[in-house]
Amino acid sequence: MDIRVVDVRKDFDRYPALRGVSLDIRSGELIALLGPSGSGKTTLLRLIAGLEHPTSGMVFFGDEDASQKSVQERNVGFVFQSYALFKHLTVADNIAFGLKVRPRDKRPPGAAIRKRASELLDLVQLSGLEKRFPAQLSGGQRQRVALARALAIEPRVLLLDEPFGALDAKVRRELRQWLRELHDKTGHTTVFVTHDQEEALELADRVVVMSQGLIEQVGTPDEIYDSPNSPFVFSFIGEASELPVSVAGGQILFEGHPVGLSPARAGDGAARLFLRPNSVDLAGDRPDALRGTVASVRRSGGWRRINLLVGEAKHLVEIEVPADACHDLPDKIAFLPRYWQLFPAS
Ligand code: ATP
């Protein structure tokens, strides 16, 4: 099911939680809504679910205007971080719940419901646990029951709000992998909210980066990581250091000295050079390198993380070099970013 969000605004009292958001989600896609706390991810998810209605703008399910339709009418399945299972129901009854509470004329016969629950138990790899109660399951197992329950109604769309947020790192990683496989098997259009960059980049077909009620960028994980379109996305998606530079005829200058980076497409004037600590080469005695004084060094696995004070103005830049690249660290280090982006000075 294609979903189209068109120029949606959502105000709570007078507070604008979404300030004009447009997004096309293609049928069968796995989409991550990624952003810091308060950026509007959950509000956007709830608007797609039908739990909230837009102040202005529209939400389409296929060709149908769903903006004012209810959750049931939209036929969406959703799972929240703290979506409690029914404590007094077994795993099988929890999964079958959505089917059992359907109006009589839409409710499948008992045998069909039991069959569906058993297929779903298989799908979420919990066969054998159907008679257990939620209290007898691990956190990861509970979350899989919640997913099976959401899938039971054969939703047109699956919506997940921080589905693995409450779990420990190892279980989280396992469930991530599992959700990806489940998605590839069932092909549901799926939208999930996360504030975890790694989770979004690892799991999603496309990532929607949000900030302050607006979408900053939409792209594949590679596009988002390799071509962030703003300083916000660059810094939010991975570690970043920044230097103020200028551009003259395509040449990048730092404190007036040419820097050995490929010509910039930016126009002349002040600019912001962003680099990633883990994408830096040591530059020996190249005259066109950036240079910094070592302020501190930390060992991190096979790497050294070095804080450098760069240039006359002592800008703090972090770089990461293989621990064996320099045994006796000199006081001054010359380096060049391998991967970098220029943004206009604000
Ligand atoms: P988090 O990662 O912390 O869950 P989020 O990106 O999902 O954040 P939202 O929950 O969508 O953000 O909230 C966006 C903004 O809207 C926040 O400033 C929040 O306080 C506000 N907000 C959300 N729901 C309501 C509500 N029901 N009433 C008033 N303000 C709300």
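Numbering of ligands and ligand atoms starts at 1, following listing order.
- To the nearest 0.5 Å, atom CD1 of residue Ile215 and atom CG of residue Leu44 are 6.5 Å apart.
- Counting protein heavy atoms under 4.0 angstrom from atom 31 (C) of ligand 1 gives one or more.
- The pair Glu318-Arg298 counts as a salt bridge, with a side-chain nitrogen and a carboxylate oxygen less than 4.0 angstrom apart.
- What sits closest to atom 2 (O) of ligand 1 on the protein, heavy atoms only, is Lys41 NZ, 2.8 Å.
- Protein heavy atoms all stay at least 4.0 Å away from atom 20 (O) of ligand 1.
- Not a single N or O atom of Glu52, backbone or side chain, sits closer than 3.5 Å to an N or O atom of ligand 1.
- Look at Glu181 and Lys185 and you find no salt bridge, because none of the NZ, NE, NH1 or NH2 atoms lies under 4.0 Å from a carboxylate O.
- Not a single N or O atom of Glu162, backbone or side chain, sits closer than 3.5 Å to an N or O atom of ligand 1.
- Of all atoms in ligand 1, listed by their number and element, those nearer than 4.0 Å to a heavy atom of Pro36 are 6 (O).
- A salt bridge is defined here as a Lys NZ or Arg NE, NH1 or NH2 lying under 4.0 Å from an Asp or Glu carboxylate O, and Arg144 with Glu174 fails to meet this definition.
- Salt-bridge formation is detected for the pair Glu202/Arg176: a Lys NZ or Arg NE/NH1/NH2 atom is positioned less than 4.0 Å from an Asp or Glu carboxylate oxygen.
- Ligand 1 has no nitrogen or oxygen under 3.5 angstrom from a nitrogen or oxygen of Ala17.
- Taking the charged nitrogens against the carboxylate oxygens, Asp93 and Arg149 have no contact shorter than 4.0 Å, which rules out a salt bridge.
- What sits closest to atom 22 (N) of ligand 1 on the protein, heavy atoms only, is Phe12 CD1, 3.5 Å.
- Under a 4.0 angstrom heavy-atom cut-off, Gly35 registers as lying outside contact with ligand 1.
- The aromatic rings of Phe274 and Phe343 lie perpendicular to each other, with more than 60° between the two planes, well past the 30° mark.
- By the 3.5 Å distance cut-off applied to N or O atoms, Ser37 is counted among the residues near ligand 1.
- In terms of N/O distances under 3.5 Å, ligand 1 is approached by Gly40.
- For the pair Arg172 and Glu199, the salt-bridge criterion is met [side-chain N within less than 4.0 Å of a carboxylate O].
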